[in-house]
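Order of the sequence lines fixes the chain letters, A, B, ..., with proteins taken first and strands second; residue numbering starts at 1 for each chain.
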Amino acid sequence: MSQVRIHLPDNSIKEFDFQPTVLQVAESIGSRLAKDTLGGQINGNPEVIDLRTVLPNDTKLKIVTKGSEESLEVIRHSAAHVMAQAVQELWPEVKVTIGPVIENGFFYDFDSPFAFTPENLKELEKKVNFLLKKNEVVTREVWPTAKAIETFEKMGETFKVEIIKDLGADEVSIYKQGDWFDLCRGPHVQKMGQIKTIKILSTAGAYWRGDENNPQLQRIYATAFNSKEELAEYLKILEEAKKRDHRKLSKDLGLVYNHPFAPGAPFFTEYGTIVYNELQSYMREGYKKYGYSEVISPQIFDNQLYDRSGHDANYKDNIFATQVGERDFAVKPMNCPGHCLLYGATKKSYRDLPWRIADFGRLHRNEKTGALHGLTRVTTFCQDDAHIFCRIDQLLDEIKSFMTFLDEVYNKLGMSNYKIFFSTRPEKRVGSDEVWDKAEGYLEDALKTLGLDYTVNEGDGAFYGPKLDIMFVDALKRPWQLGTLQLDFNMPNNFDLKYVGEDNANHQPVMIHRAILGSLERFIGVYLEHTAGRLPTWLSPRQVVIMNITSSHDEYCKKLEQELKEAGVRVHYDDRNEKLGYKIREAQLKQIPYMITVGDQEVADSTVAVRLLTGDNKKGYAKSDFVKNIKNEIENKNLKTFFEEVN
RNA sequence: GCCCAUGUGGCUCAGUGGUAGAGCACACCCUUGGUAAGGGUGAGGUCGAGAGUUCGAUUCUCUCCAUGGGCACCA
């Protein structure tokens, strides 16, 4: 055999007189490297391959070693195997299925005659980490498919047999550690001791192959890291996320209340309503600027409306319906069909287009019980919804204007980190393929023309049209779907909408469904998590609290309270006979951006002592300046307090 | 809708087969105190709802409701 050349990242070349494995290349470089090798990446491909992979001539190889980001995939892959092994050693009656690596960890789905209890998980964690200490060598074997099927059938591993049959390959790879083995394509570690520690996290029910018609399996979530320190760090982030949970924050801050009589339908308290209304009026400002008109449409319709819109066929399970006498009514789950009726109310000319109508109507959707979640998945909500009826040649400008509007809003709110997803036709849909081709084509053209980066989500569109989803990435790097823009050729058709063109003939308008915040409910939930409850002053339900030191400062405080009220500031004078530290603590917990302290000093020289949520103090601030500056900050809807703005 | 767990005063949580406890919050009293909890006293719960087992159920069983972790659904 001729020489085999392997190219390394430092542009050096290693030569072999056989086709080496990744590990063999590592060994040729050094024994320390070989010991730390966990996999490889070849020819610039990000996919991590098994260290036992045989490399052909002229392969560009990057060795994945322990401690690297890429190595986690290998470690977790093997960790899933060890976990499955541990489960079967503890409970031999449990059958294995699959166990993939996911972000931040891995899971394994088991077919178990019993549900795993928390005690089982503790036992399992012990067992798993005991197995790691045995440091068994992982070997790879290639079996003919027939042998694999026969073997797994004998073992009663019916799910494995199904997978192998579906693969339809001639041979399959098997990974072994000790006596335990599993069908797998890898990659895996050399020895199980390379996994330092495995943390079992939780259990869940999950359907075989993700289909609710299939049997339900027992899923165990777990994670593994390169070191105990990294694991600790990850667990800390989980804790942080828990603290920022909007359900906790919205309760602690007194914004939202839930009652079992209204599942999935939150009350907004007098404080929560302030946040809600401020956001709504901010959007209304945008509507003026971007040429939208606001409308109000009915809450309940004769069901014939949804029959015509196509919702009855595609969305029926989610509609709250009621029968009055002989007549079927439906509570509106979305504004669009009603808006189509309104469009048809007057004869439209091409001169009337684009016709942009916004609606803060309350929507109700009967969600499956298990889907409800705090403010982010509710049964009743209000979208910052608008529909734009326009000509095809106006589409590009409309999409552009929407993206500008959205960018402005997101930046104002400190949410500049967002991504665009382009979702194409789903299986369950209305309209001909021809219409879909057209709609998808226009949308993609617009994205390209505008030079926007996007990712395609095949089959994820709405049933009436393709869409752009705006995925906001929050402070903890979690993605949330908020804004959306959907193209719809179908509903104008169902409602036979027309406009008279320049040619004096009838034409059909295109309908754009769009929202920037998504729904106010969901947005407030996400925004609370993003900001950890520390809202910008203009959105804070409580903006200023004045705290006197003794009752002798009462007069000065009352006057200041009055001045701030006149400046439009939401201010509260805490005149309780309590110590200052006590009042401060309460104000901190309620995340009030400005805490004003008044004592002898302040009364004497007409100043205020200001404390921010950061704990920063500024004494001797001129009272008149404070009133002026906070008024200005609120009017401009600044993201930061005026103290921080200055710095 | 499915699997699992949970449900004790406004909130956070102990606890028990013999009808309940703490801290915070609340009320009253004392305290006038400069940047995250001053002290005392008191009120407040038929232990999510219904049924069953039992001499007796908040505790055990079942059903329902709600919540939580997932799955599925949804955009």
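The separation of C29(B) from A51(B), taken at their P atoms, amounts to 45 Å, rounded to a whole angstrom. Using C1' as the reference atom, C64(B) and C73(B) are 23 Å apart when rounded to the nearest Å.
With salt bridges taken as basic N to acidic carboxylate O contacts below 4.0 Å, none links E123(A) and K127(A). Salt bridge D469(A)/K467(A): present, at least one basic N to carboxylate O contact under 4.0 Å. Using a 4.0 Å cut-off between charged side-chain N and carboxylate O, E529(A) and R247(A) make no salt bridge. At a threshold of 4.0 Å, the pair E586(A)-R576(A) counts as salt-bridged, since one of the basic side-chain nitrogens sits closer than that to a carboxylate oxygen. A salt bridge links D166(A) to R209(A): one of the charged nitrogens lies within less than 4.0 Å of a carboxylate oxygen. A salt bridge links R356(A) and E398(A); the closest N-O separation between the charged side-chain nitrogens and carboxylate oxygens is under 4.0 Å.
Applying the 4.0 Å criterion to OP1 and OP2 of G69(B), one finds that S202(A) has every side-chain N and O outside that range. Distances shorter than 4.0 Å separate some side-chain N or O of H373(A) from OP1 or OP2 on G69(B). The phosphate of C74(B) (OP1 or OP2) has no side-chain N or O of R365(A) nearer than 4.0 angstrom. Close to G69(B), at under 4.0 Å from its OP1 or OP2, lies a side-chain N or O of R247(A). Dashed line: the shortest gap from a side-chain N or O of Y207(A) to OP1 or OP2 of G1(B) is not under 4.0 Å. At least one side-chain nitrogen or oxygen of Y582(A) sits closer than 4.0 Å to the OP1 or OP2 atom of A25(B). Remark: R611(A) is in phosphate contact with A36(B), judged by side-chain N or O atoms under 4.0 Å from OP1 or OP2.
A distance below 6.0 Å separates the ring centres of Y234(A) and F225(A).
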- How does protein reach along nucleotides 3-11 of chain B, written 5' to 3' as B (base within reach of a heavy atom under 4.0 Å), S (only sugar-phosphate), or - (no contact)? BS------S

- Item | 5'-to-3' dot-bracket of RNA chain B (Watson-Crick, G-U; under 3.5 angstrom; crossing pairs as [ ]; | other strand) | (((((((..((((....[..)))).(((((.......))))).....(((((..]....))))))))))))....

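Of the possible donor and acceptor atoms, one in the side chain of D474(A) sits under 3.5 Å from a partner among the backbone N and O of R478(A).
With hydrogens and angles ignored, a donor-acceptor pair under 3.5 angstrom links the side chain of R377(A) to the base of C73(B). Between the side chain of E602(A) and the base of G34(B), at least one donor-acceptor pair of N or O atoms lies under 3.5 Å.
As a whole-Å value, the separation of Q383(A) CD from A75(B) P is 12 Å. Between the CG atom of N318(A) and the P atom of C73(B) there is a distance of 13 Å, rounded to whole Å.
Side-chain contact, Y454(A) with E444(A): a donor N or O sits under 3.5 Å from an acceptor N or O.
Comparing G34(B), U35(B), A75(B) by their closest approach to the side chain of N617(A) singles out U35(B). Comparing A66(B), A75(B), G33(B) by their nearest atom to the side chain of P260(A) picks out A66(B). Checked against A75(B), A72(B), U67(B), the side chain of L372(A) finds its nearest nucleotide in U67(B).
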- side chain to side chain contact (heavy atoms under 4.5 Å, CB included) assessment of N120(A) paired with W91(A): CA-CA 10 Å; N120(A) 289 154; W91(A) 306 286; 3.6 Å; yes

